[in-house]
2 protein chains.
Amino acid sequence: MIDRKEVRSLFKSKGVPLTHQRLAVYEELQARHDHPSAEDLYEKLRGDYPSLSLATVYKTLQTLHAMGLVSRVDSPASQARYDAVTAVHHHAVCDACGKIEDVFDPRLDDLPAPKASGFKPRAHSVHFHGLCAACAEGRRSNAARRSHHG
Amino acid sequence: MIDRKEVRSLFKSKGVPLTHQRLAVYEELQARHDHPSAEDLYEKLRGDYPSLSLATVYKTLQTLHAMGLVSRVDSPASQARYDAVTAVHHHAVCDACGKIEDVFDPRLDDLPAPKASGFKPRAHSVHFHGLCAACAEGRRSNAARRSHHG
DNA sequence: TCTTTTCGGATAATAATTATCCAAAAGGAG
DNA sequence: CTCCTTTTGGATAATTATTATCCGAAAAGA
């Protein structure tokens with residue numbers, strides 16, 4: 001758990017101004033574990049900060065994410081991608097160009113199910129994040145696709 | 001590989017009309033493995049079907065997905081969700097109500113990396129899909145959240 | 001407190017996706 | 001093959017999530 005004092009010094013060390021809004025968003029996010037959306041946070045916080053803007057929540061989340069204080073759940077992909085291969089397989093997503101490769105590996109198909117919590121799993125998928133061969137090799141040409149695909 | 005004849009009988013068995021557009025989208029999706037978006041498919045197919053509409057591609061993909069002929073890559077979540085827990089952990093997503101639970105299990109933290117293809121992995125995450133305790137128990141009340149969250 | 005820089009709020013803009021409406025094509029019976 | 005009924009496809013408006021823009025306001029440091 002990162003307390004307020006640590007947060008303050010972390011912002012200072014990175015030269016990022018710590019505003020009331022940023023602290024409020026971060027502390028709200030720390031206090032709950034239901035993975036709220038920007039909208040959810042906005043609805044909750046506007047009670048305490050009536051002048052708060054939804055755009056500010058979005059910008060703040062980007063800032064916190066860039067600092068590594070929060071993480072995004074699910075994919076940052078803005079477009080849905082489809083696949084005619086419905087057999088169980090996994091994916092490797094290139095962070096640089098957005099390319100998605102199939103990963104077939106039987107060792108990934110049978111993973112330990114979530115314990116406790118009463119969750120009934122039906123399926124799972126593993127997403128690897130990293131760099132595809134082309135981008136790892138330094139060919140930045142592919143990066144253009146990123147802006148195109150989101 | 002599902003050939004045209006099988007596709008035709010599958011549609012018939014489910015009572016879903018098989019149109020030229022549906023067949024075209026499905027066969028194009030079968031022919032490639034770059035996980036195209038609706039937009040990508042539209043751009044490609046409009047050469048052969050000049051009257052094709054983007055909305056039709058979207059509707060067709062939904063139809064094919066509902067029939068289990070194609071799968072969606074990445075998350076179907078329409079809103080980004082955030083988390084103040086940045087330690088390595090995984091997620092269990094309820095297909096009924098959209099709730100996302102954290103899954104901590106060290107056995108999931110060290111999985112075999114994708115072989116070949118030259119992909120350089122930096123991180124990975126496992127997404128379980130299924131039903132949360134409340135939904136599995138039959139409480140449908142939560143389903144309302146789904147439409148709210150997307 | 002004063003100055004400079006960066007941020008926050010309001011709102012317009014953008015991007016992806018879905019809803020709407022009617023002509024048109026699919027499926028089945030004869 | 002033709003007719004009839006039902007469901008789809010095309011064009012476009014609408015919706016939703018997110019980002020950009022512009023200017024007053026707050027933060028950081030001296």
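Residue numbers start from 1 in every chain, and the chains themselves are labelled A, B, ... in the order their sequence lines are given, proteins ahead of strands. Small disclaimer: the values here were computed from a predicted structure and weren't measured.
Atom CZ of A:Arg8 sits in a sparse spot, with 12 or fewer heavy atoms from other residues, nucleotides or ligands closer than 6.0 Å. Counting heavy atoms of neighbouring residues, nucleotides and ligands inside a 6.0 Å radius, atom CG of A:Asp3 exceeds 12 of them.
Proximity of A:Arg22 to the phosphate of D:dA27: no side-chain N or O atom is located under 4.0 Å from OP1 or OP2. Side-chain nitrogen and oxygen atoms of A:His20 include at least one within less than 4.0 Å of the OP1 or OP2 phosphate oxygen of D:dA27. The phosphate of C:dG9 (OP1 or OP2) has a side-chain N or O of A:Thr56 nearer than 4.0 angstrom. The side chain of A:Gln62 contributes an N or O atom lying less than 4.0 Å from OP1 or OP2 of D:dT19. One finds no side-chain N or O of B:Thr19 lying less than 4.0 angstrom from the OP1 or OP2 phosphate oxygen of D:dT7. Residue A:Ser51 has a polar side-chain atom (N or O) positioned under 4.0 Å from OP1 or OP2 of C:dG9. Taking only side-chain nitrogens and oxygens, B:Tyr58 never comes nearer than 4.0 Å to OP1 or OP2 of C:dT18.
Look at NZ on A:Lys14: it is 19 Å from C1' on D:dA28, rounded to the nearest Å. For the pair A:Leu52 CG and C:dT11 C1', the computed distance is 15 Å after rounding to whole Å. Between A:Leu41 atom CG and D:dA17 atom C1' the separation is 15 Å, expressed in whole Å. Between B:Met67 atom CE and D:dT7 atom C1' there is a gap of 14 Å when expressed in whole angstrom units. Taking atom CG of A:Asp40 as the reference point, atom C1' of D:dT16 lies 14 Å away to the nearest angstrom.
Ranked by how close their nearest DNA chain C nucleotide is to the 5' end, B:Arg8 and B:Leu54 are led by B:Leu54. Projected onto DNA chain D by closest heavy-atom contact, B:Val16 and B:Pro50 fall at different nucleotides, the more 5' of which corresponds to B:Val16.
At a threshold of 4.0 angstrom between heavy atoms, the contacts of A:Ala80 are confined to the sugar-phosphate backbone, with no base atom among them.
The side chain of B:Lys59 approaches C:dT20 more closely than any other nucleotide in the set C:dT17, D:dA28, C:dT20. Across D:dA17, C:dC7, D:dG10, the shortest atom-to-atom separation from the side chain of B:Gln21 is found for D:dG10.
The structure places NE2 of A:His124 at 10.5 Å from NE2 of B:His129, a figure rounded to the nearest 0.5 Å.
Using a 4.0 Å cut-off between charged nitrogen and carboxylate oxygen, A:Asp34 and B:Lys99 do not count as a salt-bridge pair.
Side-chain atoms of B:Val85 and A:Ser71, non-hydrogen and from C-beta on, never get closer than 4.5 Å to each other.
For D:dG29, its base never sits under 3.5 Å from the side chain of A:Lys12 at any donor and acceptor pair.
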